[in-house]
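For the numbers below, each heavy atom of this structure counts, side chains included, while hydrogens, waters and symmetry mates do not.
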Amino acid sequence: MKNTLTIVAHVRAKRGMEQLMISEQMRLVAATKNSPGCLRYELHRSSRDKVEVTFVEEWETRELWQAHMESQHIAAFRTTAGHTIDDFTLYELHQIA
């Protein structure tokens, strides 16, 4: 059992805006992978619907994840692509088995 924080975030783009959203999310992935406390930061695209993606992240601590959420690259994403998001659901998880 790990004592890390796992984040699963499901994101749905507005129809017609998925290309912009995903290209900006790819930038976010590149900028985040070397962030302090980031153990895993992956972006997955739905095989059923091209407007849906899922982030799978693992962080050493919740505090380091929160620092990421307040980072300059998250702020830049919100500015350039925040308007492309139709729906967003985030889960904070701790592995139990």
Self-check item: From CA spacing to verdict: side chain to side chain contact (heavy atoms under 4.5 Å, CB included), T6, E57
Solution: CA-CA 6 Å; T6 300; E57 311 171 28; over 6 Å; no

Quiz item: Taking all atoms of both residues into account, what is the closest heavy-atom pair of V11 and Q25, and its distance?
Solution: CG1-NE2, 3.8 Å

Exercise. Indicate the atoms forming the closest heavy-atom contact of K50 with I22, along with that distance.
Key: O-CD1, 4.1 Å

Practice problem: Return the minimal non-hydrogen interatomic distance between L20 and T80, and the atom names on each side. | Solution: CD2-O, 4.2 Å

Self-check item: Reported OG1-to-CG distance for the pair T4 and L93, which is rounded to 0.5 angstrom
Solution: 10.0 Å

Quiz prompt | Parallel, tilted or perpendicular, as decided by the 30° and 60° cut-offs, for the rings of W59 and Y41 | solution = perpendicular

Self-check item: V29 and F55, any side-chain heavy atoms less than 4.5 Å apart
Solution: yes

Self-check item: Donor-acceptor under 3.5 Å (E18 side chain, G16 main chain)
Solution: yes

Practice problem: Report the distance from atom NE2 of H73 to atom CZ of R78, rounding to the nearest 0.5 Å. | Solution: 10.5 Å

Quiz item: Is the shortest heavy-atom distance from the side chain of H94 to the side chain of L5 under 4.5 Å?
Solution: yes

Exercise. Look only at the side chain of S46 and the backbone of D49, and say whether a donor-acceptor pair between them is shorter than 3.5 Å.
Key: yes

Quiz prompt | hydrophobic_cluster_shared for F88 and F77, side chain cutoff 4.5 Å | solution = yes

Quiz item: Hey, what do you get for OG1 (T32) to CE (M69), rounding to the nearest 0.5 Å?
Solution: 9.5 Å

Exercise. For M21 and R12, work out which heavy atoms get closest and say how close.
Key: SD-C, 4.4 Å

Self-check item: pair V51-D86: side-chain heavy atoms closer than 4.5 Å
Solution: no

Self-check item: Neighbour count above 12 (heavy atom, 6.0 Å) for K14 NZ
Solution: yes

Exercise. Hey, can you tell me if Y91 and H10 have their rings parallel, tilted or perpendicular (30° and 60° cut-offs)?
Key: perpendicular

Quiz item: Are L39 and V8 joined in one hydrophobic group, where the rule is that I, L, V, M, F, W and Y side chains link up if heavy atoms are under 4.5 Å apart?
Solution: no

Exercise. Rounded to the nearest 0.5 Å, what's the gap from CD on E58 to CD on Q95? Could you check?
Key: 7.5 Å

Practice problem: Decide whether W65 and V56 are clustered together by the hydrophobic rule: side chain heavy atoms of Ile, Leu, Val, Met, Phe, Trp, Tyr closer than 4.5 Å, transitively. | Solution: no

Quiz item: Would the number of heavy atoms belonging to other residues, nucleotides or ligands and lying under 6.0 Å from CE of M26 be above 12?
Solution: no

